[in-house]
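Here the structure comes first, spelled out in structure tokens, and everything after it is commentary.
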Amino acid sequence: MDKSQILAKFSSEPDRYYKVALFENEGFKRKSCSKCRRYFWTLDDSRAVCPDHLENSYSFIGDPPTKKRFDYTQAWKEVESFFVNNGHKSVSRYPVVCRWRDDLYFTIASIVDFQRVMGSKVVFEFPANPLVVPQTCLRFKDIENVGVTGRHFSSFCMIGQHSIPNSQGYWKDRCVELDFRMLTEKFGINKEEIVFVEDVWAGGGSFGSSLEYFVRGLELGNAVFTEFQGELENYSVLDQKIIDMGAGLERFAWITMGTPTAYDCCFGPITKHMIEKIGIDTDSDTISRYFRAIAKTLSESNDLSIARKNAALLAGIDSTKMDKMISPLEGIYLIADHLRTLVFAISDGALPSNVGGGYNLRMILRRTLATIDRFGWNFDLDDLIDLHIDYLKSTYHELEGTRNDVKTIIGIEKERYKESRIRMTNISNTLRTQNKKLSVDDLIRLYESDGITPDFLKETQIISEIPSTFYEKLSDLHQSEKAEKTIQLNLDGIPDTVLSYYKEDPHEFEAKVLKVLNGKYVVLDKTSFYPRGGGQEPDHGKIGNYDVMDVSKHGNVVVHETKGGAPQEGEVVRCKIDEARRYGITRHHTSTHVVNASARNTLGSWIWQHSAFKEQNYARLDITHHSNLTEEEITKIEDFANLSIRKDIPILINEFDRGDAEQKYGFRIYQGGVVPVKMVRIVNIDGLDVEACGGTHVRKTGELGLIKITKSERIQDGVVRLEFVSGEAAIKYTQSQDKKISQIVKSLGSSKEKVLESFEHVVRDGEDAKKRIKQIIKRTSESSAKSAISQAKNLGNVKLFSIIEEELDDEYHIAVGEQAVSLDKSLIYCALIVKNGAIRIVAFCGTDAVKTKKAGDLVRDVSKVLGGSGGGKDTFGQGGGKDILKIKDALVAAEQSILGK
RNA sequence: GGGCUGGUAGUUCAGCGGUAGAAUACCCGCCUUGCACGCGGGGGGUCUGGGGUUCAAAUCCCCACCAGUCCA
């Protein structure tokens with residue numbers, strides 16, 4: 001839907017869409033910008049342009065329009081107390097890793113906290129109404145701007161003011177009134193300074209009007225009134241209207257402090273710490289002038305380097321000062337920003353990697369490290385992390401708990417970065433020695449496969465210029481589409497299946513057949529058959545006389561797939577589920593929760609379930625972890641899991657309202673991904689693990705008996721797969737392992753106690769023997785060569801030594817043959833070696849003999865007789881064939897070939 | 001989630017169907033009384049693993065594993 005069309009429509013009826021009570025009461029005037037025609041509301045009679053076209057924009061830098069000064073932390077306290085005093089509930093921030101939405105990696109706006117996807121629809125669930133939340137949001141779109149523009153962040157705090165207009169919540173009038181009062185009462189901003197601009201918002205099938213509020217050209221917030229759905233020509237009012245007011249906390253702090261950039265007042269003591277450590281000159285007048293200027297030049301040009309140049313010109317800063325003052329400052333801001341983003345993301349369980357959202361995190365960490373390197377600074381990242389967390393923890397106490405984990409992960413990533421720098425240098429050195437001209441394709445391959453940018457190659461003078469077609473060609477490469485296919489069954493009009501596996505769960509029951517599709521898909525009125533889902537494999541068993549092969553859930557209807565026919569529709573059938581299978585799957589499912597918790601407890605807070613699979617005889621669990629697991633780590637996890645079994649912990653299963661569960665247990669409950677239902681089933685292994693899970697579980701952990709991890713592998717960067725068995729399957733597994741060892745013991749002729757020693761012995765013997773053979777060949781090759789010469793047969797100008805070898809191998813004859821022809825230049829050495837039911841030919845010709853016959857030709861002739869082929873150089877040839885019966889003929893053929901017959 | 005690249009001596013890599021190589025490190029000797037220098041000699045490899053094609057595979061094809069990288 002075209003936003004400008006909606007705006008045109010809404011602005012044509014301002015009384016209906018934009019005029020709130022506040023405008024009436026305070027006497028706001030509606031004006032149209034003399035430059036861009038946009039409509040805005042103001043109390044200042046002299047104002048003729050919208051905030052985008054203001055001449056003195058960003059004049060708050062060095063001259064804040066507020067009576068009070070609040071830094072980042074204080075600014076939130078002020079905002080929070082204002083809204084709480086006005087009937088709002090203050091809600092803690094949600095994780096920046098957006099676990100409750102499949103379509104987002106990170107939380108990008110405060111409203112996302114309360115959006116839940118149900119099928120194709122987005123619904124809103126508010127833990128309170130109205131509410132306010134300090135939501136940390138991550139955005140990587142404008143990453144180039146961070147540190148440079150003075151106002152862009154990779155993560156920022158969005159003050160979310162949200163309300164549903166009902167008996168508790170409010171609608172437009174009160175919203176705008178509150179925002180206005182917050183600015184004037186709390187921050188002491190002059191009424192005349194505040195401008196509201198008419199705008200619209202549209203997305204996800206709904207839309208509505210919005211009012212952005214500005215002070216001195218800086219957008220502080222945007223109140224969106226989501227009100228309609230459908231098309232502009234034909235729309236209806238939503239049954240769930242929402243106020244989504246989002247304001248940047250960083251900007252609130254900035255406008256009250258009037259610092260040169262928003263960074264100066266939002267990272268607490270960290271920027272000051274860095275500036276002091278490197279000792280640069282920070283003349284605040286010059287800096288203020290510069291950042292006021294760049295706000296202006298950026299609105300004129302999107303190109304960052306041009307905007308920078310123009311800003312320097314406008315502020316009267318020469319290039320030396322840019323290099324000595326502005327550039328290092330930009331670097332410091334970038335480091336502070338990126339590191340804060342990493343603190344939040346890693347605390348919330350995200351890991352830097354080369355896939356998924358982790359890629360963005362690796363990118364920003366490497367940008368940080370590269371910046372430190374570029375300036376040759378000596379910052380301790382751990383110190384900077386401490387400074388961030390110390391400053392943030394009064395608002396976000398949870399960060400304290402992951403302080404060390406954040407340091408661990410960043411430390412590991414830093415090492416990886418160092419290694420990759422070394423790799424890059426190695427590759428570029430190799431390229432330099434090769435001195436080959438690199439094509440654009442070469443450059444693209446180097447960039448995509450090895451991460452070596454053309455800029456780096458230019459810097460190290462491997463190439464002189466970056467080809468103009470490089471970026472063009474690069475972007476062409478990344479156009480791919482994906483198709484998805486699911487089998488659709490027509491289940492219209494079939495009532496929801498009664499799910500008895502969540503209730504009394506009878507393993508034998510009678511049910512009525514409601515529908516049979518395609519002769520094998522059976523729908524019953526009720527069922528105990530557990531369908532495939534959440535990584536749990538389905539139950540098998542019998543419906544009437546038919547075997548059940550698969551069970552799946554489509555909406556609220558359970559479909560059973562039978563083999564060899566199906567019962568009649570309308571028939572009442574006796575059903576029986578395979579109990580052994582069910583119990584095996586159940587134990588493996590509970591084990592998965594136990595293993596997950598064990599991994600988290602032994603490895604670190606970054607461990608989350610990535611995906612899982614459970615069947616009767618084994619289970620696997622993919623967890624998010626930075627490195628391959630060591631044997632010790634696996635043992636630790638196993639020990640922890642089995643200790644939990646011995647504790648015989650009860651497993652409590654209860655239904656909760658989704659919002660209540662999130663508030664009570666946090667987002668750790670979403671290990672298995674998003675739960676698309678209003679009521680969630682919480683599986684609580686008391687004191688160990690709490691998850692929202694629809695699977696079947698045992699009553700106490702003691703029932704699991706034993707958990708044995710059978711395998712671990714890294715399936716992709718940041719994800720480790722654990723395979724394990726529990727219960728009966730675990731016993732069977734250890735038994736079968738033991739049997740294998742017995743067999744090895746038997747064939748080694750050893751005992752179980754000494755099996756390892758015997759094995760090592762055998763391996764060492766083999767290695768020693770091989771070395772010995774090499775030495776023997778070396779020492780005896782000369783005398784063997786001499787004996788070959790003496791046995792050789794005269795054939796005209798040359799001598800021929802030929803042999804059929806059935807014991808020694810080609811390696812031996814290559815060594816001896818080479819010796820022999822170097823001792824006697826007229827010798828031809830030809831060995832036919834029988835090996836694995838085939839024949840290999842090795843032939844040498846001395847430098848004199850070559851005049852009569854070339855080794856390559858000889859081999860070609862002989863191998864033809866053996867039904868094979870071969871070739872080689874003048875002095876040395878190899879070949880072979882498979883026709884072992886012709887081996888004598890081959891000897892004759894060799895003679896004839898030499899004699900030229 | 002979609003791609004790409006690589007895996008050969010302790011290390012860094014070359015070789016890209018025909019006898020597994022270089023540099024460096026290591027060991028021994030000489031020169032030089034020390035150091036990172038020079039000379040000579042030596043040890044060190046199931047070419048990641050498994051299949052296939054071929055007379056012949058480090059080399060070509062397929063699969064797995066390990067590592068690195070780019071993009072959405």
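Each chain gets a letter, A, B and so on, in the order its sequence line appears, and its residues count up from 1. The figures that follow rest on heavy atoms only: side chains count, while hydrogens, waters and symmetry mates do not.
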### Query
What's the CD1-C1' distance between A:I715 and B:A67, to the nearest Å?
16 Å

#### Entry: Distance in angstrom units between A:F470 CZ and B:C70 C1', rounded
10 Å

### Query
How far does the C1' atom of B:C26 sit from the matching atom of B:G10, given to the nearest Å?
8 Å

### Message
Can you check the distance between B:G44 and B:U5, where both ends of the measurement are the P atom (answer in whole Å)?
### Response
36 Å

Shorter than 3.5 Å, N or O on both sides, protein versus nucleotides 48-53 of chain B: list them out with atom names.
none

### Query
Roughly how many Å is it from CG in A:L446 to C1' in B:G6, rounded to a whole number?
12 Å

#### Entry: Whole-Å C1' distance, B:A14 and B:C31
32 Å

### Message
For B:A67 and A:N628 - does any side-chain N or O of the residue sit under 4.0 Å from the phosphate oxygens OP1/OP2?
### Response
yes

### Message
Tell me whether A:K711 is salt-bridged to A:E713, with the criterion being a basic N under 4.0 Å from an acidic carboxylate O.
### Response
yes

### Summary
Value for CD1 (A:I452) from OG1 (A:T425), rounded to nearest 0.5 Å, stands at 8.5 Å

### Query
Are any non-hydrogen side-chain atoms of A:L866 and A:I841 less than 4.5 angstrom apart?
yes

#### Entry: Lys/Arg-Asp/Glu bridge criterion (N-O < 4.0 Å) met for A:E419, A:R416
no

### Query
Which nucleotide, B:G1, B:C70, B:C66, lies nearest any side-chain atom of A:E448?
B:C70

### Query
So is A:R620 actually on top of A:F613's ring, under 6.0 Å and inside 45° of the axis?
yes

### Message
Is it true that A:Q609 and A:D622 share a donor-acceptor pair across their side chains at a distance under 3.5 Å?
### Response
no

#### Entry: Between A:K864 and A:S869: side-chain donor-acceptor atoms closer than 3.5 Å
no

### Message
Work out how far the C1' atom of B:C39 is from that of B:G49, and round it to whole angstrom.
### Response
43 Å

### Query
Taking C-beta and beyond as the side chain, do A:L832 and A:S802 meet within less than 4.5 Å on heavy atoms?
no

### Message
If I pick the C1' atom on B:G17 and the same atom on B:U54, what distance separates them, to the nearest angstrom?
### Response
9 Å

### Message
Looking only at the side chain of A:S420 (C-beta and beyond, no hydrogens), which of the listed nucleotides B:C55, B:G1, B:G68 gets closest?
### Response
B:G68

### Query
Do A:E415 and A:K418 sit within salt-bridge range, that is, some charged N less than 4.0 Å from a carboxylate O?
yes

### Between P of B:A72 and CE of A:M363, the distance in whole Å
11 Å

### Message
Over all strands shown, is A:V859 touching base, sugar-phosphate only, or nothing at heavy-atom distances under 4.0 angstrom?
### Response
nothing

### Query
Mind checking the C1' distance from B:C4 to B:G42? Whole angstroms is fine.
43 Å

### Message
Applying a 4.0 Å non-hydrogen cut-off, can you work out what A:R366 is touching in the nucleic acid: base, sugar-phosphate, or nothing?
### Response
sugar-phosphate

### Message
Rounded to whole Å, please give me the gap between CD1 in A:I412 and P in B:A67.
### Response
13 Å

### Summary
Rounded to whole Å, the CG-C1' distance (A:D810 to B:A57) equals 14 Å

### Query
Quick one: is B:G68 close enough that its OP1 or OP2 comes under 4.0 Å of any side-chain N or O from A:S449?
no

#### Entry: Pairwise P distance for B:A25 and B:G15, with rounding to whole Å
23 Å

### Query
Does any donor atom in the side chain of A:D303 or A:S305 lie under 3.5 Å from an acceptor atom in the other side chain?
yes

### Query
Does a salt bridge link A:D142 with A:R139, judged by any charged N lying under 4.0 Å from a carboxylate O?
no

### Summary
Reading nucleotides 9-19 of chain B from 5' to 3' and marking B where a protein heavy atom lies under 4.0 Å of the base, S where only the sugar-phosphate is that close, and - otherwise, the string is ---SS----BB

### Task
Select from A:D450 and A:G358 the residue whose nearest nucleotide in RNA chain B is closer to the 5' end of that strand.
A:D450

### Task
Pick the P atom in B:C61 and in B:C16, then give their distance to the nearest Å.
15 Å

#### Entry: A:Y812-A:S784 side chain donor-acceptor pair, cut-off 3.5 Å
yes

#### Entry: Between B:C65 (P) and A:K711 (NZ): distance, integer Å
7 Å

### Task
Return no unless some side-chain N or O of A:R714 is found under 4.0 Å from OP1 or OP2 of B:G68.
yes

#### Entry: Aromatic contact, A:Y618 with A:F724 (centres under 6.0 Å)
no

### Message
From CG of A:D717 over to C1' of B:C70, roughly how many Å is that when rounded to an integer?
### Response
13 Å

### Summary
Stems with RNA chain B, 3 or more Watson-Crick or G-U pairs in a row (under 3.5 Å), are B:1-7 with B:65-71, B:10-13 with B:21-24, B:26-30 with B:38-42, B:48-52 with B:60-64

### Query
Of A:Q716 and A:E811, whose closest RNA chain B nucleotide lies nearer the 5' terminus?
A:Q716

### Query
Do A:P352 and A:I409 touch side chain to side chain, with heavy atoms closer than 4.5 Å?
yes

